[in-house]
Participant: 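Mind looking over this structure? Questions follow.
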Amino acid sequence: LALLLGGLAAALFGFVVGLPSLRLKGDYLAIVTLGLGEVIRVFANNLTKYTSGPQGISGVTTAPVSLLDRLAGALSFPPEQFKLFFLYFLVLIVIAVVITVNVRLSRSNIGRAWVAIREDEIAAQAMGVPLVRTKIMAFATGASFAGVMGVIFAAKQQFISPESFTFFQSISVLTMVILGGMGNIAGVILGAAVVTLLNLSILTALSETLQAVPNFNSNLDPAKYNRLIFGAILVLMMLFRPEGLLPSARQKIMMHENDDTDPALDSLNDDGATGGALGTT
């Protein structure tokens, strides 16, 4: 019930957030949505009557607690450890459902309409795609997935606060998508795994190794510069592999559509007179 209500509530807020940004696209759409995300976080941080502000809401429990306790006793598991196992497998099930729904959506009429709007709004509208309704559905659908996972996140943490959803969290998700490959579910999963391992395991292990070195300068601790490292990853990916590690076929073609041009034509275009004549022709 909580998963369903969380998804519906997030879809409603996705609809509200999507309304003022319907006429925007590209970088402007990204800036506005990121800005609205920060506005909502600050708003929740100051709405102390309902959200307890920065102190957050504590005492969130995993449901159903009594059933889990009985199952843990029957299986001779410590209750707290069994709840973590329960949440782990619940996350796997939810991820499988989300992937299945996204694959089905991508092959449906609404999925093809989303792709058409992403590529060219004017052409999509000329072909009869209703822009307003289709964009609102995109915002609401994406938000509903986030709402479902937010319920699981709150149950695992047993605490929820506006400070759990900072601007850097959005940048981390963006890094996962760009690194893995836009438009490909397998690529996004790969990007999420790489970024998570880099942030929680590789940088931490490297930091512990360097701290064991005599006379190591703590200001050079790699764990302190994770944002700088993520920024460098984004820049390098945009320079050398803008389509990501595992992109979709469409995205790969788009990113390299000008790579196979004829060198002879390029040399002609470099000459002023010939290039001008060729352009006129």
Participant: Rounded to the nearest 0.5 Å, what separation is found between the CD1 atom of Ile160 and the OG atom of Ser58?
Facilitator: 11.5 Å
Participant: Judged by atom type as modelled, is there a donor-acceptor pair below 3.5 Å linking the side chain of Thr196 to the main-chain atoms of Ala193?
Facilitator: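 Answer holds: no.
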Participant: For Glu38, check side chain to side chain donor-acceptor pair (under 3.5 Å) against everything at least two apart and list the hits.
Facilitator: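 Glu38: side chain to side chain donor-acceptor pair (under 3.5 Å) contacts with Arg41.
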Participant: Which residues pass the ring pair (Phe, Tyr, Trp, His ring centres under 6.0 Å) test with Phe145, not counting sequence neighbours?
Facilitator: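 Ring pair (Phe, Tyr, Trp, His ring centres under 6.0 Å) list for Phe145, sorted by chain: empty.
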Participant: State, to 0.1 Å, how close Val94 and Val148 come at their nearest heavy-atom pair, and which atoms those are.
Facilitator: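 The pair with the smallest heavy-atom distance is CG1-CG1, 3.8 Å.
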Participant: OG1 of Thr100 to CD1 of Ile185: how many Å apart, nearest 0.5 Å?
Facilitator: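 Rounded to the nearest 0.5 Å, the OG1-CD1 separation comes to 8.5 Å.
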Participant: Run the ring pair (Phe, Tyr, Trp, His ring centres under 6.0 Å) test against Phe13 and tell me which residues pass, sequence neighbours left out.
Facilitator: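 Applying ring pair (Phe, Tyr, Trp, His ring centres under 6.0 Å) to Phe13 gives none.
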Participant: Nearest 0.5 angstrom please: Ser170 OG to Phe165 CZ, how far?
Facilitator: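 Interatomic distance, Ser170 OG to Phe165 CZ, rounded to 0.5 Å: 10.5 Å.
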Participant: Distance from Glu243 atom CD to Leu245 atom CG, nearest 0.5 Å?
Facilitator: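 Separation between the atoms: 9.0 Å.
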Participant: State the CG-CD1 distance between Leu246 and Ile189, to the nearest 0.5 angstrom.
Facilitator: 10.0 Å
Participant: For the residue pair Phe167 and Leu34, what are the closest heavy atoms and their distance?
Facilitator: CE1-CD1, 4.1 Å
Participant: Show the nearest heavy-atom pair for residues Asn102 and Val98, with the distance to one decimal.
Facilitator: ND2-O, 2.7 Å
Participant: Within this structure, what is the CG-OG distance for the pair Leu4 and Ser144, rounded to the nearest 0.5 Å?
Facilitator: 10.5 Å
Participant: Any donor and acceptor pair, going by atom type alone, linking the side chain of Thr134 with main-chain N or O of Pro130 inside 3.5 Å?
Facilitator: yes
Participant: Checking Asn45 side chain against Pro162 main chain: does a donor-acceptor pair fall under 3.5 Å?
Facilitator: no
Participant: For a quick test of reading the model, state the closest non-hydrogen atom pair linking Glu121 to Leu131 and the distance between them.
Facilitator: O-CD2, 4.0 Å
Participant: Shortest non-hydrogen contact from Ile57 to Tyr50?
Facilitator: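 Answer, listing the atom of Ile57 first, then Tyr50: CD1-O, 4.0 Å.
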Participant: Hydrophobic cluster membership, with links at side-chain heavy-atom distances under 4.5 Å among I/L/V/M/F/W/Y: are Leu29 and Ile31 in one?
Facilitator: no
Participant: Measure from the side-chain N and O atoms of Arg112 to the backbone N and O of Arg107, and report whether any donor-acceptor pair falls under 3.5 Å.
Facilitator: yes
